[in-house]
Number of protein chains: 2
Amino acid sequence: MAAAAVHEPEVIRDKAAMRTWSRRRRAEGKAVALVPTMGFLHEGHLSLVSAAVAASAGPVAVVVSIYLNPSQFAPTEDLATYPSDFAGDLRKLAATGVVAAVFCPPDLYVRGSADGPSAAGVSGGVVSCLEDAGGHAHETWVRVERLEKGLCGSSRPVFFRGVATVVAKLFNVVEPDVAVFGKKDYQQWRIICRMVRDLDFAIQIVGSEIVREADGLAMSSRNVNLSHEDREKALSISRSLVDARTAALNGSNHSQQIKDQIVQTLTEAGGQVDYVEIVEQESLVPVERMDRPCVICVAAWFGKVRLIDNIEIQSTSSDR
Amino acid sequence: MAAAAVHEPEVIRDKAAMRTWSRRRRAEGKAVALVPTMGFLHEGHLSLVSAAVAASAGPVAVVVSIYLNPSQFAPTEDLATYPSDFAGDLRKLAATGVVAAVFCPPDLYVRGSADGPSAAGVSGGVVSCLEDAGGHAHETWVRVERLEKGLCGSSRPVFFRGVATVVAKLFNVVEPDVAVFGKKDYQQWRIICRMVRDLDFAIQIVGSEIVREADGLAMSSRNVNLSHEDREKALSISRSLVDARTAALNGSNHSQQIKDQIVQTLTEAGGQVDYVEIVEQESLVPVERMDRPCVICVAAWFGKVRLIDNIEIQSTSSDR
C-alpha cells in the first residue's frame with residue numbers, strides 16, 4: 001500500500017497551491033517537468049510523460065496539467081464535444097508510476113462582469129470561446145506573430161493565440177524547468193519554442209515524436225469522435241505522408257508534385273483537405289524544393305472531425 | 001573600504017548570469033525586487049528603489065535594470081535622442097546604498113538575418129524600432145488589448161506592446177518577487193498590473209507615487225531635452241492638474257468642464273495638447289462624471305518634447 005501511494009499523483013486544483021508544490025520540489029533538488037494536456041489521455045500523452053522523465057538528468061518531478069482551454073477554440077469549433085474522462089486520465093497517469101502531480105484547475109482565466117467594459121473582439125476581430133466574458137475579464141494575449149500565420153493558423157485564427165497564452169500562464173504557475181510538447185502539433189511546438197526564446201522563459205522545451213496506432217493513424221483525443229468508416233478513410237493521411245517521404249527520399253523533391261499527390265490521395269479516400277503544406281522545420285516557411293530539413297503538414301476533415309498529421313524529412317536523396 | 005564595497009552594485013550584462021544571481025539571492029532567503037528603467041536616472045527612479053526596499057517585509061535584494069527598449073519606440077519617435085549617462089546612473093545607484101545589482105544587457109532581443117523571412121509589420125501594421133531586424137528575429141508580443149488602447153496608446157500605437165513585452169522578458173530573466181513602476185506612467189503601471197494578473201506572473205507590482213521638481217514639473221528623463229523657455233511653459237501641466245483637483249474636490253465633477261479648462265491652460269501656455277482624459281483608475285474607461293476614484297491624464301508637447309503627467313482623484317465633494 002505504501003509503495004503504491006508513492007505513485008499516485010497528487011491532484012492540485014489551485015494555482016497558488018500548484019506553485020508552492022513546484023517550488024518545494026525544486027527546493028528538494030528536483031527538476032520540475034510539465035506535460036500540458038487537455039485531458040482524454042492516450043498513449044501519445046503517456047509518451048510525453050516518458051519524454052519528460054528522459055529529459056532530466058537528475059531527479060525529476062513530473063506534473064501533468066489537464067485543462068480544456070476555451071481561448072484556443074473559436075465559438076464555431078468543437079469545445080463542447082471535446083471528449084473528457086478525468087477518472088480514466090488519473091488511472092492512466094497513476095499507472096505510469098512516474099507522475100508526481102496532476103494540475104487540473106477549474107478555470108485559469110479571470111472572467112469579467114457583464115456590466116464592465118467589453119474586451120471582446122478588440123484583437124482585430126479575433127474572438128474565442130473565452131471572450132463573451134466581458135467586463136474586467138482577461139485581455140492579455142501572447143502572439144507569435146509570424147509563426148501563428150499559415151498552416152492551422154489560416155483556418156483557426158484564434159488557435160495559436162490561445163495556445164501561446166495558456167502555455168505562458170501554465171509556465172508562470174507551474175514554473176517548470178522542462179516542458180514537453182508532442183510533434184503531432186508541429187506548428188504549436190515550434191510556436192512554443194519561439195515564445196520561450198523570445199520571452200526568455202527559463203524552460204527547456206522538448207518536442208516528442210508522434211505516436212501512432214498500429215494501423216498508422218496518429219493518436220489524437222479527437223479520434224474517438226470518428227465513425228468506424230471515417231476512421232478507415234482517415235488512414236489515408238498517414239499513408240500519403242509515408243508515401244511522400246518515400247518519394248522524397250527517392251529524389252522527388254518538388255513540393256508541388258508531392259502536395260498534389262497527397263491532396264489526391266486524401267480526396268479519393270473521402271477526406272476534405274484543409275491544407276497540405278511543405279515547410280522549413282524551424283521557420284515554417286513554405287519550400288518549393290525539399291532540399292533542406294522540412295516537414296510535410298496536413299489537415300483534413302473526415303466526417304465531422306478535423307485531423308492533423310505531419311512527417312519530418314531531414315534530407316532528400318539529392319542532398320546525399 | 002569593505003563597508004563601501006557592500007553598497008557598490010554588481011553590474012550584470014548577461015541574461016543567464018542575471019538569472020543565476022537572482023536565484024542565489026532567493027536561495028539565501030532574500031526577496032528579489034526589480035526596478036526596470038531606461039537609464040538617465042533622476043530622483044523619481046531613486047524613489048522607486050526606496051519603494052522596492054519598503055515593499056519587502058524581510059531581507060531584499062534590489063535589482064535596477066537599465067535598458068533602452070527599442071520595441072517601445074516607433075521609428076518616428078525619440079529613441080536616438082533619448083538621454084543616457086551610464087556612469088552617472090551607477091554613481092546614483094551606488095549612493096543609495098541599497099541597490100545590489102544593476103542589470104544592463106547590451107541587447108535583449110534576438111535579431112534576425114536579412115535573408116530570412118520577415119516578421120516586420122505582421123501585427124496589423126504596427127512597427128517599432130526593433131522591427132527592421134527581419135529574418136528569424138523576435139516575433140512574440142504581449143498585448144494587453146483593451147488597456148493598451150486610448151490615452152498614450154492612441155498616439156503611440158507600438159508603445160505598450162513594446163513595454164509589456166520587454167517587461168515580460170525582464171520578469172523571466174530576473175524572476176523578481178516584487179517589481180516597482182512609477183505612477184507617472186499611469187497607463188503603463190495599470191497595463192503591467194493587468195498583464196501580471198492575466199498571465200499569472202508570481203510578482204507583486206508596486207505603483208510608486210510621482211516625484212516632482214520643486215516647481216511641480218513631474219520628473220522625467222526627457223525633461224533635460226526641454227529648452228529653458230519650454231520648461232517654464234511646461235509647468236502649466238502640473239498647475240492645471242492641481243487646479244483641476246481643487247475644482248473637483250469643490251464639487252465640480254463634470255469631466256468635460258475640467259478637461260476643457262486643462263486644455264485651455266496648456267494651450268495658452270504654448271503647449272500642444274496630445275490628450276486630456278479623465279478615466280477610472282483601474283479600467284481606464286473615460287468617465288463623464290468624476291463620481292468614483294478616477295485619474296486625470298495629460299500628454300502634451302512643449303517644443304520637441306512630449307510630456308505626460310496625471311493626478312489621482314479619490315473622491316469629489318459630492319461623494320462625501
Side-chain angles (χ1 to χ4, degrees), chain A residues 15-16 18-20 22-23 26-27 105 108-110 112 116-124 126 131 135-149 161 164-166 168-175 191-192 194-203 280 282-286, chain B residues 15-16 18-20 22-23 26-27 105 108-110 112 116-124 126 131 135-149 161 164-166 168-175 191-192 194-203 280 282-286:
Chain A
K15 287 179 190 178
M18 182 69 245
R19 189 180 285 125
T20 301
S22 210
R23 290 187 176 188
R26 283 171 79 166
L108 272 180
Y109 295 92
V110 175
S118 173
V122 290
S123 177
V126 175
E131 276 153 294
H136 295 273
H138 180 95
E139 59 165 305
T140 306
W141 297 103
V142 180
R143 301 186 73 159
V144 182
E145 296 197 346
R146 195 181 55 75
L147 288 176
E148 76 169 20
K149 307 268 190 294
R161 186 190 70 154
T165 302
V166 81
K169 286 166 69 68
L170 286 169
F171 284 177
N172 284 338
V173 170
V174 178
E175 298 180 341
I191 282 174
I192 298 302
R194 183 57 52 102
M195 176 184 82
V196 163
R197 185 200 78 170
D198 284 354
L199 297 186
D200 294 304
F201 281 101
I203 301 171
E280 279 187 5
E282 193 182 332
S283 69
L284 304 185
V285 171
Chain B
K15 289 179 189 178
M18 182 68 246
R19 188 180 285 126
T20 301
S22 210
R23 290 188 175 186
R26 284 172 77 166
L108 272 179
Y109 296 92
V110 174
S118 173
V122 292
S123 177
V126 175
E131 276 154 291
H136 296 273
H138 181 94
E139 58 164 306
T140 305
W141 298 102
V142 180
R143 300 186 74 159
V144 182
E145 296 197 347
R146 195 180 54 74
L147 288 176
E148 76 170 20
K149 307 268 190 295
R161 185 191 70 153
T165 301
V166 81
K169 285 166 70 68
L170 286 169
F171 283 178
N172 283 338
V173 170
V174 178
E175 298 180 341
I191 282 174
I192 298 301
R194 182 58 52 102
M195 177 185 82
V196 163
R197 185 200 77 170
D198 284 353
L199 296 187
D200 294 305
F201 281 101
I203 300 171
E280 280 187 5
E282 193 182 331
S283 71
L284 305 185
V285 171

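Reminder, nothing fancy here: chain letters follow the sequence lines and each chain counts from 1. Only a predicted model underlies this, so the values are computations on that prediction, with no experimental measurement involved.
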- Task: Would you mind reporting whether A/I191 and B/T140 have side-chain heavy atoms less than 4.5 Å apart?
- Result: no
- Message: Show the nearest heavy-atom pair for residues B/K169 and A/D200, with the distance to one decimal.
- Response: NZ-OD2, 2.9 Å
- Query: Any idea which heavy atoms bring A/R194 and B/A137 closest together, and the distance?
  - Reply: NH1-O, 4.0 Å
At what distance, to the nearest 0.5 angstrom, does [atom1] of [X] lie from [atom2] of [Y]?
| X | Y | atom1 | atom2 | value |
| --- | --- | --- | --- | --- |
| B/R143 | A/R143 | CZ | CZ | 8.0 Å |
| A/K149 | B/E139 | NZ | CD | 9.0 Å |
| B/R26 | A/R26 | CZ | CZ | 8.5 Å |

- Look at A/L147, A/V166, A/T165 and state which one has the largest set of heavy-atom pairs under 4.5 Å with chain B. A/L147
- Taking A/R197, A/E148, A/M195, A/E282 one by one, which has the highest count of heavy-atom pairs under 4.5 Å against chain B? A/R197
- Report yes or no: does A/N172 contribute a side-chain atom to a donor-acceptor pair with the main-chain N or O of B/L199 at less than 3.5 Å? yes
- Message: I'd like to know if the side chain of B/E145 reaches the main chain of A/W141, judged simply by a donor and an acceptor atom lying under 3.5 Å from each other, with no hydrogens or angles considered.
- Response: no
- Item | Heavy-atom proximity to chain B below 4.5 Å, by part of A/E175 | side chain
- If you tally heavy-atom pairs under 4.5 Å between each of B/F201, B/F171, B/Y109 and chain A, the highest tally belongs to B/F201
